[in-house]
Amino acid sequence: MAFICPEEIEQYAEEHSSSLHPLLEELIEFTYKNTDLPQMLTGRVEGNFLKMLVEISGAKRVLEIGTFTGFSALMMAQGLPEEGELITIEINPEYADMAKSFIERAPWGNKIKLLVGDAKNLLEEFEEESFDVIFIDADKSAYPFYYEKCVKLVKKGGIIAIDNALWEGKVLEPPDNRSKAIAQMNEMIKEDPRVDKVLLTVRDGIFLVRRKM
Ligand SMILES: C[S@@+](CC[C@H](N)C(=O)[O-])C[C@H]1O[C@@H](n2cnc3c(N)ncnc32)[C@H](O)[C@@H]1O
């Protein structure tokens, strides 16, 4: 994955961000050794960003679409209060098993509920306005659908963070269907009067969207 920042600046940012719990360092190492696409993991900078977002927003209920091996779920759950809950959805049972093995070992893992299945179906199970923070990080072709659904699932004043919103810059002139879907979602957000928004040039682009009160 190409980041927006030059690699040495990304490295510098990592080195100047909070260090990770040893279990999360182990998870990163495990993911690089045992999966084909370890670069899907959000990593130290974005992980710390998401954790802080959950903390400073005072979130109690978080939804994540796209668990992979559990890195971002475990980071965000660290920012939740003891009674907080994070629901994370993963379609691939093998990735879900890997995530589960780390969630079970984390002292704060009891806050996380992992659902295995297609998020496009599972999202139907939730009531409107039931989450304080939602992190979208799954199949890019469904981004417009996820956005529209999540604007309804997030509480008024709540936040949606969407990963890969710049997609290595391909959103400028989308060459394929996935890039087109992300660019389409970005236009939907830009024109959406229900939300305040800022597209951050962090890592591969994080679209931060806040539902108006
Ligand atoms: C970029 S990775 C998530 C990375 C994770 N957030 C992290 O920081 O480690 C995207 C994940 O979404 C999952 N996924 C793809 N399509 C999905 C769907 N329709 N429903 C649920 N999960 C899906 C993939 O299997 C993959 O594990």
Side-chain angles (χ1 to χ4, degrees), residues 1-3 10 14 17 20-21 23-54 62-80 86-103 105-106 109 112-126 131 133-150 153 159-168 170 177-179 181-182 185 200 202-208:
M1 154 147 349
F3 300 122
E10 193 71 30
E14 280 192 13
S17 300
L20 302 183
H21 187 284
L23 186 72
L24 286 159
E25 289 293 353
E26 189 187 322
L27 185 153
I28 292 177
E29 204 184 319
F30 173 90
T31 303
Y32 273 80
K33 274 194 193 142
N34 296 286
T35 68
D36 293 340
L37 293 166
Q39 66 276 15
M40 289 206 295
L41 200 141
T42 39
R44 293 175 177 83
V45 173
E46 189 170 357
N48 270 309
F49 172 79
L50 291 168
K51 177 183 171 213
M52 204 178 277
L53 185 70
V54 169
V62 175
L63 172 68
E64 174 181 68
I65 307 173
T67 318
F68 190 35
T69 53
F71 179 78
S72 47
L74 280 160
M75 287 300 294
M76 288 190 283
Q78 277 185 310
L80 280 171
L86 181 146
I87 296 172
T88 182
I89 306 176
E90 174 55 53
I91 199 168
N92 180 324
E94 278 178 40
Y95 291 154
D97 281 347
M98 292 176 189
K100 201 166 160 238
S101 70
F102 282 94
I103 292 167
R105 287 174 56 207
I112 301 177
K113 188 172 166 196
L114 172 62
L115 304 180
V116 185
D118 188 336
K120 292 187 279 300
N121 303 326
L122 292 173
L123 290 180
E124 302 300 335
E125 291 176 11
F126 302 117
F131 295 98
V133 168
I134 302 180
F135 180 47
I136 303 176
D137 190 18
D139 42 335
K140 310 307 166 200
S141 50
Y143 264 28
F145 170 83
Y146 289 141
Y147 173 68
E148 197 46 50
K149 193 80 197 161
C150 289
L153 294 180
I159 296 164
I160 307 172
I162 306 154
D163 202 20
N164 308 105
L166 293 172
W167 203 231
E168 301 177 4
K170 288 188 221 154
N177 285 342
R178 282 196 294 176
S179 313
I182 297 173
M185 178 201 67
L200 301 171
V202 174
R203 198 166 175 271
D204 194 28
I206 305 174
F207 218 145
L208 262 195

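Read the numbers this way: they start at 1 and go in the same order the structure lists the ligands and their atoms.
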Novice: Ignoring hydrogens, what is the shortest heavy-atom contact between Ile112 and Ile103? Give both atom names and the distance.
Specialist: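 Heavy atoms of Ile112 and Ile103 come nearest at CG2-CD1, 3.8 Å.
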Novice: For Ala119, is at least one N or O under 3.5 Å away from an N or O on ligand 1?
Specialist: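 So ligand 1 has an N or O lying under 3.5 Å from an N or O of Ala119.
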Novice: Give the atoms of ligand 1, by number and element, whose distance to some non-hydrogen atom of Lys120 is under 4.0 Å.
Specialist: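 The list of qualifying atoms is 19 (N).
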Novice: Run the contact test for Gly117 against ligand 1 with a 4.0 Å cut-off on heavy atoms, strictly below, and give the result.
Specialist: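 Yes; Gly117 lies near enough to ligand 1 that a heavy-atom distance drops under 4.0 Å.
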Novice: Restricting to non-hydrogen atoms, name the atom on Ala99 and the atom on Phe68 that form the minimum distance, rounded to 0.1 Å.
Specialist: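 Taking Ala99 first and Phe68 second, the nearest heavy atoms are CB-O, 3.6 Å.
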Novice: What are the atoms of ligand 1, with element, lying closer than 4.0 Å to any heavy atom of Asp118?
Specialist: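 By the 4.0 Å cutoff, the relevant atoms are 18 (C), 19 (N), 20 (N).
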Novice: Closest approach of Asp137 and Met40, non-hydrogen atoms and distance?
Specialist: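 For Asp137 versus Met40, the nearest heavy atoms are OD2-O, 4.4 Å.
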Novice: Kindly state whether the ring of Tyr147 and the ring of Phe207 have centres lying under 6.0 angstrom apart.
Specialist: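 Here the rings of Phe207 and Tyr147 have centres that are no less than 6.0 Å from each other.
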Novice: Mind checking whether Phe145 contacts ligand 1 via backbone (N, CA, C, O), side chain (CB onward), both or neither, at a 4.0 Å heavy-atom cut-off?
Specialist: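 Neither; nothing of Phe145 gets under 4.0 Å from ligand 1.
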Novice: Is it the side chain (CB and beyond), the backbone, both or neither of Asp163 that lies under 4.0 Å from ligand 1, heavy atoms counted?
Specialist: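 Near ligand 1, Asp163 shows nothing, with every heavy atom at 4.0 Å or more.
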Novice: Determine whether more than 12 heavy atoms belonging to other residues, nucleotides or ligands lie under 6.0 Å from atom NZ of Lys149.
Specialist: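 For Lys149, atom NZ is crowded (more than 12 foreign heavy atoms under 6.0 Å).
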Novice: Do any N/O atoms on Ser72 end up under 3.5 angstrom from N/O atoms on ligand 1?
Specialist: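 For ligand 1, there is an N or O atom that lies under 3.5 Å from one belonging to Ser72.
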Novice: Counting each atom of ligand 1 from 1 as listed, which ones have a heavy atom of Thr42 under 4.0 Å away?
Specialist: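 So the answer, numbered in order with elements, is 7 (C), 8 (O), 9 (O).
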Novice: Out of Leu37, Asp204, Ile91, Leu115, who is nearest to atom 22 (N) of ligand 1 when you count heavy atoms only?
Specialist: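 Nearest option to atom 22 (N) of ligand 1, by heavy atoms: Ile91.
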Novice: Under 4.0 Å, heavy-atom basis, I'd like to know which part of Glu46 is in contact with ligand 1: side chain, backbone, both or neither.
Specialist: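 No part of Glu46 comes within reach of ligand 1.
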Novice: Determine, for Arg105 against Glu26, whether the closest basic-nitrogen to carboxylate-oxygen distance falls under 4.0 angstrom.
Specialist: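 Yes, charged N to carboxylate O under 4.0 Å.
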Novice: What heavy-atom pair brings Met98 and Thr69 nearest, and what distance separates the two atoms?
Specialist: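 Met98 and Thr69 have their closest heavy atoms at SD-CG2, 3.9 Å.
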Novice: Looking at Phe71 and Gly43, what are the two nearest heavy atoms and their distance?
Specialist: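 Residues Phe71 and Gly43, closest heavy atoms: CE2-O, 3.1 Å.
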Novice: Specify the protein heavy atom at minimum distance from atom 25 (O) of ligand 1: its residue, its atom name, and the distance to 0.1 Å.
Specialist: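 Atom 25 (O) of ligand 1 sits closest to the protein heavy atom Glu90 OE2, 2.6 Å.
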Novice: Counting only heavy atoms not in Glu29, do more than 12 sit closer than 6.0 Å to its CD atom?
Specialist: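 12 or below, so no.
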Novice: Going by an N to O cut-off under 4.0 Å, is there a salt bridge joining Glu25 and Arg44?
Specialist: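 Result for this pair is yes, salt bridge flagged.
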Novice: Output the list of atoms in ligand 1 that are nearer than 4.0 Å to some heavy atom of Glu64, sorted by atom number.
Specialist: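 Contacts of ligand 1 toward Glu64, numbered from 1: 6 (N).
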Novice: Geometry only, no angles: is Phe135 polar-contacting ligand 1 at N/O separations under 3.5 Å?
Specialist: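 Phe135 vs ligand 1: no N/O contact under 3.5 Å.
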Novice: What is the nearest protein non-hydrogen atom to atom 12 (O) of ligand 1, stated with its residue, atom name and distance?
Specialist: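 Checked against all protein heavy atoms, atom 12 (O) of ligand 1 sits closest to Gly66 CA, 3.4 Å.
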Novice: Return the closest protein heavy atom for atom 9 (O) of ligand 1 as residue, atom name and distance.
Specialist: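 Result: Leu41 CA, 3.5 Å.
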Novice: Name the closest protein heavy atom to atom 15 (C) of ligand 1, giving the residue it belongs to and the distance to 0.1 Å.
Specialist: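 Result: Asp139 N, 3.7 Å.
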Novice: Quick one: nearest non-hydrogen protein atom to atom 10 (C) of ligand 1, plus distance?
Specialist: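 Nearest protein contact, heavy atoms only, for atom 10 (C) of ligand 1 is Asp137 O, 3.0 Å.
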Novice: I want to know whether Phe30 and Phe102 have ring centres closer than 6.0 Å.
Specialist: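 Yes, close enough.
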Novice: For ligand 1, note which part of Tyr95 has a heavy atom under 4.0 Å away: side chain, backbone, both or neither.
Specialist: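 Contact part for Tyr95 vs ligand 1: side chain (C-beta onward).
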